[in-house]
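All chains are named by letter (A, B, ...) in the order of the sequence lines, taking the proteins before the strands, and each is independently numbered beginning at 1. Remember, it's a predicted structure, so these values are computed and weren't measured experimentally.
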Number of protein chains: 2
Amino acid sequence: MAKQDRAVRTRQELIRCAAETFYRRGFALSSLSEISGKAGVSTGALNFHFQSKRELGEAVEVAASETLRRITGPRPSHCPVPLQALVDTTHELARYLSEDPILRAGFSLGHDAAWSAGDGGPLWPQWESWVLGALAVAGEAGNLAADVALDDAGAAVTAAVVGFEVLGRIDARWFSHRTVTHFWELMLPRLASTEIGGELDAGGAGAPAGPAPRGDAVAVCRAQGERRCQVAKDRGAA
Amino acid sequence: MAKQDRAVRTRQELIRCAAETFYRRGFALSSLSEISGKAGVSTGALNFHFQSKRELGEAVEVAASETLRRITGPRPSHCPVPLQALVDTTHELARYLSEDPILRAGFSLGHDAAWSAGDGGPLWPQWESWVLGALAVAGEAGNLAADVALDDAGAAVTAAVVGFEVLGRIDARWFSHRTVTHFWELMLPRLASTEIGGELDAGGAGAPAGPAPRGDAVAVCRAQGERRCQVAKDRGAA
């Protein structure tokens with residue numbers, strides 16, 4: 001392996017180990033020596049990549065934000081049933097939260113008082129903003145019931161997913177496909193217009209049942225997004 | 001003031017100051033000297049009441065749990081419209097979260113990794129259990145739509161309120177009467193049976209608009225509970 005590849009891998013491994021440690025112990029009690037030990041490198045090697053614990057925290061947040069961007073993708077304006085894309089994306093976020101330590105740590109740093117005193121970090125605003133955008137597209141496409149206010153629906157979906165994330169730390173059932181499906185079974189009859197209500201799948205359309213993809217997450221996630229859209233297109237054409 | 005009264009007051013003040021410090025800094029970075037300084041007592045006086053930071057944390061959790069018990073009261077089986085009692089109680093919880101540092105800290109300790117590694121503390125299970133009980137009573141009273149599953153509704157209400165609590169740390173609008181009202185405006189048409197749908201007030205029935213009660217919280221909360229029930233009874237009789 002070239003020296004540069006090795007350095008990139010070490011950096012990624014340090015971010016992953018830092019994320020696991022921050023999530024389990026909280027930012028304040030996480031030590032650089034524990035993180036370097038988990039990653040199997042010396043503290044000197046850690047210091048070559050990150051000059052402080054804060055820099056490691058920032059790297060975790062940036063990586064988590066990037067993963068969230070891949071999960072959400074652009075606004076689902078190219079899908080014939082954008083509301084289904086919102087449902088599917090929520091399922092995918094819950095699945096990633098249950099399996100991806102960096103994404104999980106990125107969200108939990110947002111409510112770790114020792115890390116983000118007061119501002120909450122970038123992940124929750126990023127999620128809320130995407131949800132509001134997706135609902136706006138769904139509304140324009142005629143997917144939403146006429147008496148549903150976008151902001152109210154956005155707040156309910158945002159708050160419930162925050163709840164799943166926080167409660168999932170205590171009990172993994174809150175991350176489960178079942179919990180998210182039941183949430184949408186409850187919400188969709190209220191949110192969806194009568195025209196598309198029967199078309200929607202609270203369990204997520206086209207989401208693979210297996211574990212979260214490894215390796216080239218960008219490519220895998222893009223493929224998932226296309227599959228989701230294809231399912232939605234087939235439904236739209238049917 | 002008798003010596004014993006002074007001791008009780010000092011203890012209560014220490015719990016309040018500890019709660020504020022835990023909430024702002026997180027448990028790990030909170031120091032006993034800061035807490036005793038805020039309370040205006042010596043560290044020796046603090047040690048007379050609490051032998052460790054952990055004991056202070058436990059006292060905050062016990063006090064928060066007691067406040068939550070006063071807010072929720074018993075199951076609203078004596079109210080003619082138990083679903084309204086659930087709505088009202090959610091409003092009252094949000095109001096307390098915005099104003100009561102001990103309740104807020106009790107909930108936030110539950111997702112503070114340095115405090116409750118893995119178990120989440122007693123507050124969230126206590127709230128979830130009460131919500132499920134209240135929904136069961138509402139179901140027995142014919143308040144719920146026939147196709148609503150209790151567990152799904154309970155999970156959605158629990159998760160959304162967790163979300164309001166966590167997001168409220170970043171932005172107080174999540175604790176607001178408006179946010180909770182909009183959540184219920186969205187949920188009630190889905191949850192409520194057609195028989196009582198028109199009777200329900202998403203903004204909360206009979207909840208006072210002023211700040212959270214001070215002083216004898218038990219008596220004030222009991223009076224609020226009776227007022228809520230009276231409003232519900234009037235509606236039931238109308």
Query raised in the report: Quick one: NE2 on B:His111 to CZ on A:Arg169, what's the gap to the nearest 0.5 Å?
Result: 9.0 Å
Query raised in the report: Stepwise, does the side chain to side chain contact (heavy atoms under 4.5 Å, CB included) test hold for B:Val166 with A:Phe107?
Result: CA-CA 11 Å; B:Val166 172; A:Phe107 276 107; over 6 Å; no
Query - Interchain contact, B:Tyr23 with chain A, by part (heavy-atom threshold 4.5 Å) - result: backbone
Report task. Might you point out which heavy atoms bring B:Arg190 and A:Arg190 nearest each other, and give the distance in Å? Result -> CB-CB, 4.0 Å
Query raised in the report: Would one find more than 12 heavy atoms of other residues, nucleotides or ligands at under 6.0 Å from atom CZ of B:Arg69?
Result: yes
Report task. Heavy atoms only: give me the nearest B:Arg25-A:Ala113 pair and the separation to one decimal. Result -> C-CB, 3.6 Å
Query - Leading residue by heavy atom contact count with chain A [cutoff under 4.5 Å; candidates B:Gly26, B:Ala155, B:Gly121] - result: B:Ala155
Report task. Please report the shortest heavy-atom distance between B:Leu186 and A:Asp152, naming the atom on each side. Result -> CD2-O, 4.0 Å
Query - Nearest heavy atoms of A:Arg173 and B:Glu128, plus distance in Å - result: NH2-OE2, 3.3 Å
Query raised in the report: How far apart are the C-alpha atoms of B:Phe164 and A:Thr158, what are their side-chain angles, what is the distance that settles it, and do they pass the side chain to side chain contact (heavy atoms under 4.5 Å, CB included) test?
Result: CA-CA 9 Å; B:Phe164 297 154; A:Thr158 300; over 6 Å; no
Query raised in the report: Tell me, side chain or backbone of A:Phe183 under 4.5 Å from chain B's heavy atoms, or both, or neither?
Result: side chain
Query raised in the report: Distance from A:Trp115 atom CH2 to B:Leu29 atom CG, nearest 0.5 Å?
Result: 13.0 Å
Report summary line: A:Leu167 and B:Ala159 have their tightest heavy-atom pair at CD1-CA, 4.1 Å
